[in-house]
Protein chains: 2
Amino acid sequence: MKNIAVSLAICLAYPLISAALQDKDHKSGSSSDGGGGGHTPEVPTSLQIVTFKWHHVQEPYIIALWILVASLAKIVFHISHKVTTVVPESCLLIVLGLLLGGIVWAADHIASFTLTPTVFFFYLLPPIVLDAGYFMPNRLFFGNLGTILLYAVIGTVWNAATTGLSLYGVYLTGIMGDLQIGVLEFLLFGSLIAAVDPVAVLAVFEEVHVNDVLFIIVFGESLLNDAVTVVLYNVFDSFVAIGGENVTGVECVKGVVSFFVVSIGGTLVGIVFAFLLSLVTRFTKHVRIIEPGFVFVISYLSYLTSEMLSLSAILAITFCGIFCQKYVKANISEQSATTVRYTMKMLASGAETIVFMFLGISAVDPNIWVWNTAFILLTLLFISVYRIIGVVVQTWILNRYRMVQLEIIDQVVMSYGGLRGAVAFALVALLDGERVKAKNLFVSTTIIVVYFTVIFQGLTIKPLVQWLKVKRSEHHERKLNEKLHGRAFDHICSAIEDISGQIGHNYMRDK
Amino acid sequence: MKNIAVSLAICLAYPLISAALQDKDHKSGSSSDGGGGGHTPEVPTSLQIVTFKWHHVQEPYIIALWILVASLAKIVFHISHKVTTVVPESCLLIVLGLLLGGIVWAADHIASFTLTPTVFFFYLLPPIVLDAGYFMPNRLFFGNLGTILLYAVIGTVWNAATTGLSLYGVYLTGIMGDLQIGVLEFLLFGSLIAAVDPVAVLAVFEEVHVNDVLFIIVFGESLLNDAVTVVLYNVFDSFVAIGGENVTGVECVKGVVSFFVVSIGGTLVGIVFAFLLSLVTRFTKHVRIIEPGFVFVISYLSYLTSEMLSLSAILAITFCGIFCQKYVKANISEQSATTVRYTMKMLASGAETIVFMFLGISAVDPNIWVWNTAFILLTLLFISVYRIIGVVVQTWILNRYRMVQLEIIDQVVMSYGGLRGAVAFALVALLDGERVKAKNLFVSTTIIVVYFTVIFQGLTIKPLVQWLKVKRSEHHERKLNEKLHGRAFDHICSAIEDISGQIGHNYMRDK
């Protein structure tokens, strides 16, 4: 059974290789492909019964084939339960990507297949984040919103600033050699490497099953830090472009303003589209067949609109998912709801699979590798240490206000769960090599950091959680009694706030 | 309620217009779009808080927006049941397309949005045909396979030859003026206009509800004639390219051989992928989430593979759907089966909607219009008359062998249901304008023919069916008694064939 699957995978890898080869032929200009049949108007010399028209179907074929290979890999990984209980799927996919990338490279010497930022941001990230938003446990999320926001905003700024500045400080000692870059480049690198990655957190935490509060804090942070990441990245990218000497106080104020514009704007775009989606699904009674399509198309438009206005697209689609879920589920038919649920899970899972496989494949290209031991090791050291310091200090402040305290054990998991992933990789790949001289060093370091966090921390977080005896998530359906009492308590709290005139976090519950 | 939907549709049409305008700006080279933020590396002069980056998101945005507009249009059409019971949705969509195309044209004077053959053959046709194959009533289809094949093969060749030759005959009288084309071009045009279109037949017949046998014969013909259409189109396209004087007997034999290669090859590709799909779904027990994805990816690969080898892609994906359905449904989980069912219906319905809307939009471009009254009217006349003659003669032959006779009424509906559609339009759009001088005349005539069959015949087929008192489909769940007896009869027939040593069409039933 295993053999069948493995040989299937190999059989399917073969066309990819020949695809790469064909691609090379195409690039070197020898279009030997005659072609007279099918749906292409090419000039034949005589009637050909069968023609092989690879270029005709190349693009969709390669995409479909990669999706198939990634999906088959998932089957193979799960044939033996022993492997997947120890090694997270994301690690296995990265390793598979490295292998496949190696094969293609050996056959071809051209890295035709890499994770391009466009594909990642436009086609792979949206389904993952929409899935996260649409299935967000709202009560838990909004109940911990303050905590999540603190980590997402202050924590990310702290990580970015300290990592960037510390690296610059060490750079001044000369230990890294002469990289020909200034403090702004270091801050730019710090800002893209600072953010905890939602894809990586989801992939690793879904196999660990820590308790819900801990999960929502880490995962919520990874989603909401997007606005900070986008702003920091854009600000420092702009600063690098206009040159350090032209950075005035006005520019810095603009940076702060743009944080509020990007975060609040993105959220608003999401809410507007969620409202639109909820409205549209009220009228789909006679077109049940295409009903599920609206959920995907309108959410996706919220993402694209936000991206178009340079707001936080992740926030937009997250909040679109969060705010539409109740209304959409109530408006559409039961079959449509099932279709939406499973299709969304399928798209998200597929996208995640492809992201990790391509993170592996992208590392194979030797042209991007610039090795600088000091820079790479210090980056790993700084992001780990400052993450721990950030978590401890912020938790200390938070625990003075939180009803449910975050224990030392929780803090360890939160520090350890600060995984970096594909967002950082896509951002670093977007850097302009002309402008940022050390781009390749940044790319190499980001790959190492992503691999370190996903593979090393991903492998060890499960034993760590077991060793620390972290409270695990308990899956039990709430009893009717619990539900009724919970609901009653909510109403009482909200009534008390109403009477006392104080607006707390129960305020919105009855509105 | 109606107003809301209408204003929604108008609101959503607006960005399309501005999109077109932006597109024009882009073409005329004035890329005023500064852009310094977001995920694009462009050179800013100072930090910009909000930038409007249309080109960045243009491509996916326009696609998502068109899908949304088409879906909203469907909602609007179905708000009033009075309209849709009289006018088929396909007509309404074509009219909407004409309106939207007119608006974009008025604002823009560039026909930016047309139904390109690539989009149609690669992305819109496959879901429609896969849906048809996957939900094919196998018993009915294979029970009438002989009849379907006769109409599909002989009927289509008959239609193509007679239409092409008759047009050429009239052309020789000089009534059409001097078109500077020869007999081969006429036959090429005949072969692309001859084929009954699966998309149009589905769209019109699903609202008419004729009895199952009549439907499967017309619809089966429209699917299986693809091999004939592809071959005839390719053969005459090649003949036009190599010139009439170079067409030898060998070339003609090659044409006949290529028919068998294209049809049997396409079917085999479909069966191989159906087997692969059935095999893969046996191993998806542990990856239920991505299970539905395999159905779509592997079926799509069957289509692309067939297209790559210049075989009949429609036959491939139809038979992939037909042969995998039983095994896939048995292998995957119940939720996955529901997801596959509804997602497939949604994709097919969405694709159909977009096809008809774009058939409307594509007709707006004045640059493609060449009017030749004689040519257009005679084409309409010939395709109608020869369709009737073909149906009557073939049915007369068939009725000598069929147990269930096809009545005169059935023949009227079959003749009248010979709708032409998007396949013909896409094929004519693929013609090489350099090689086929009369391309624009062919395109214009095809649009008129498609509009005539879809709108005029689509509007009148329902009254006709009611007036003729055609047996309608009866939807009743078969009783247990009927099922048991039906099953018993099958086994008895198959046993009798086995004993008598005769191989009839029950032979495969017990194997």
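Because the structure is predicted, anything quoted here is derived from the model rather than measured. All chains are named by letter (A, B, ...) in the order of the sequence lines, taking the proteins before the strands, and each is independently numbered beginning at 1.
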Any chance you could measure B:F296, atom CZ, to B:T343, atom OG1, to the nearest 0.5 Å?
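Those atoms lie 5.0 Å apart.
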Please give me the minimum heavy-atom distance between A:K53 and B:S310, naming the atom from each residue.
CE-CB, 3.7 Å
Considering only heavy atoms, which portion of [X] lies under 4.5 Å from any heavy atom of chain A: side chain, backbone, both, or neither?
X: B:F294; answer: side chain
X: B:L347; answer: neither
X: B:V261; answer: side chain

Heavy-atom pairs under 4.5 Å with chain A - which of [options] has more of them than the others?
options: B:L311, B:V297, B:I290; value: B:I290
options: B:P292, B:S336, B:G350, B:A348; value: B:P292
options: B:S312, B:G265, B:G243, B:P60; value: B:P60

At a 4.5 Å cut-off on heavy atoms, which part of [X] comes close to chain B: side chain, backbone, both, or neither?
X: A:T118; value: neither
X: A:F122; value: side chain
X: A:V287; value: side chain
X: A:F77; value: neither
X: A:Y123; value: side chain

With under 30° as parallel and over 60° as perpendicular, where do the rings of A:F236 and A:F239 fit, or are they tilted in between?
perpendicular
